[in-house]
Amino acid sequence: MGYVELRDINKHFKKFHASKDINISIEKGKLVALLGPSGSGKTTILRMIAGLENPDSGEILIDGKVVNNTPGSERGIGFVFQNYALFRYMNVYDNIAFGLRVKKIPEDKIKARVTELLTLIDCQGLEKRFPSQLSGGQRQRVAFARALAPNPQILLLDEPFAAIDAKVRSELRTWLREMITKLQITSIFVTHDQDEAIEVADEIIVTNQGKVEQAGTPQELYKNPATPFVAQFIGNSVEVKNYEQFKHFDKQSDDSIAYLRPEFVSIFKKGESVQFASSAEEAIVEDTIFRGSNIEVRARIHGNLISAIRSINDAEIKVGEKVDVFIYRLYVVSGNEVILETNSSLKDEEVVI
Ligand SMILES: Nc1ncnc2c1ncn2[C@@H]1O[C@H](COP(=O)(O)OP(=O)(O)O)[C@@H](O)[C@H]1O
Ligand SMILES: [Mg+2]
């Protein structure tokens with residue numbers, strides 16, 4: 001059994017069904033991401049675990065005990081809110097000490113704990129500063145320390161990096177992962193950013209329209225999407241029409257559509273690939289986008305604009321150029337089923353040298 005469990009949870013806001021038969025199981029010490037588009041019900045799930053909202057039906061268990069009727073303050077939970085919500089008129093020290101003062105812990109113990117946390121978050125010497133005098137990254141680390149101060153067993157973080165610029169956000173992700181691994185605290189963080197979830201989490205729970213679509217490791221979700229939503233949501237997928245027009249792919253069923261990810265595609269300059277010479281097909285480049293460490297090339301084929309990533313070390317491809325496209329595989333969605341279809345020439349050694 002998981003350390004945190006949600007069983008058949010339903011929640012309405014008036015007539016709006018915000019959580020639909022939610023079943024979640026989270027192991028002790030794991031760092032789990034709740035990933036889904038805005039409005040898919042992530043925050044609602046977090047708030048129910050924290051006791052800030054009550055479900056209409058179903059059970060929430062922590063460490064094997066049903067906590068539906070346990071006040072949030074007694075659930076052993078630390079919460080880092082979406083806009084880090086530090087108290088603006090309190091300095092760093094008082095912000096971190098806040099939860100301990102609520103618990104009427106003696107001041108000397110509070111001092112020891114705040115000092116320990118300031119070291120942990122590498123903010124020694126900043127205790128007298130006010131939130132407005134901190135960088136975004138520092139503020140977020142203080143919010144993290146404040147949530148950790150009362151020694152919670154579970155840490156909940158709602159879009160913790162949303163308000164922070166890209167470079168610092170990336171540093172903070174690594175920092176958070178290291179922190180949580182070190183502290184071994186069961187943590188659930190909400191994000192709508194799949195890169196963030198994939199990079200940071202041990203496990204991802206994908207939400208969509210109030211439901212859980214799939215739970216698994218980032219690799220599992222990536223390789224074996226269980227639902228059409230996950231197939232198109234994870235991995236910069238684009239929908240392709242008439243996929244049976246691509247060489248070496250067969251239509252699975254009349255109502256099926258397909259999703260393609262850039263890593264399923266190679267785009268070559270004419271004559272560049274010997275291996276796929278006979279099984280590639282021609283396309284015209286419509287756009288090339290420099291992404292810093294690589295180049296995305298977009299080309300039109302059978303009415304679809306598809307993308308592939310090329311190395312900056314490869315020969316340059318220009319807009320309007322005729323190129324060869326080879327598609328390794330794609331996801332075919334038919335009803336509720338997702339099938340990974342591989343280019344049939346890859347099974348045929350005559351074609352692939
Ligand atoms: N207190 C509330 N009253 C009414 N509707 C709410 C309330 N909280 C959330 N909702 C609605 O529930 C849906 C899910 O919200 P939320 O859990 O915040 O989604 P997410 O965090 O994935 O963006 C949204 O459509 C939102 O408008
Ligand atoms: Mg939210």
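When a ligand or atom number is given, it counts from 1 through the structure's own listing order.
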Nearest protein heavy atom to atom 27 (O) of ligand 1: under 4.0 Å? no
Are there protein heavy-atom neighbours of atom 6 (C) of ligand 1 below 4.0 Å? yes
Tell me the closest heavy-atom pair linking E272 and I267, and the distance in Å. OE1-O, 4.3 Å
Considering all heavy atoms, the nearest S307-E296 contact: OG-OE2, 2.6 Å
Any side-chain heavy atom of E213 within less than 4.5 Å of one from F233? no
Just so I know, are the side chains of E239 and Y259 near enough to count as touching, which here means a heavy-atom distance under 4.5 Å? yes
Give me the nearest non-hydrogen protein atom to [atom] as residue plus atom name, then the distance to 0.1 Å.
atom	value
atom 23 (O) of ligand 1	G39 N, 2.7 Å
atom 19 (O) of ligand 1	G41 N, 3.2 Å
atom 18 (O) of ligand 1	T43 CB, 3.5 Å
atom 12 (O) of ligand 1	F16 CE2, 3.4 Å
atom 4 (C) of ligand 1	F13 CB, 3.4 Å

Salt bridge check: are [X] and [Y] linked by an N-O gap of less than 4.0 Å?
X	Y	answer
R47	D158	no
K270	E321	no
E281	K247	no

Going by the atom numbers of ligand 1, which of them fall below 4.0 Å from some non-hydrogen atom of P37?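 Listed by number with element: 22 (O).
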In ligand 1, which numbered atoms sit nearer than 4.0 Å to a non-hydrogen atom of T44?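 The atoms of ligand 1 under 4.0 Å from a heavy atom of T44 are 15 (O), 16 (P), 17 (O).
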Would you say the ring centers of Y89 and F87 fall short of 6.0 Å from each other?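 No.
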Should we count CZ of R291 as having more than 12 external heavy atoms under 6.0 Å? yes
Would you indicate whether K322, at its atom NZ, is surrounded by more than 12 heavy atoms from other residues, nucleotides or ligands within a distance under 6.0 Å? no
Does ligand 1 come near enough to A18 that some N or O of the ligand is less than 3.5 Å from an N or O of the residue? no
So, the side chain of K42 versus the backbone of P37: is there a donor-acceptor pair under 3.5 Å, distance only? yes
Proximal protein heteroatoms (N, O or S) of the Mg ion (ligand 2), under 2.8 Å: T43 OG1
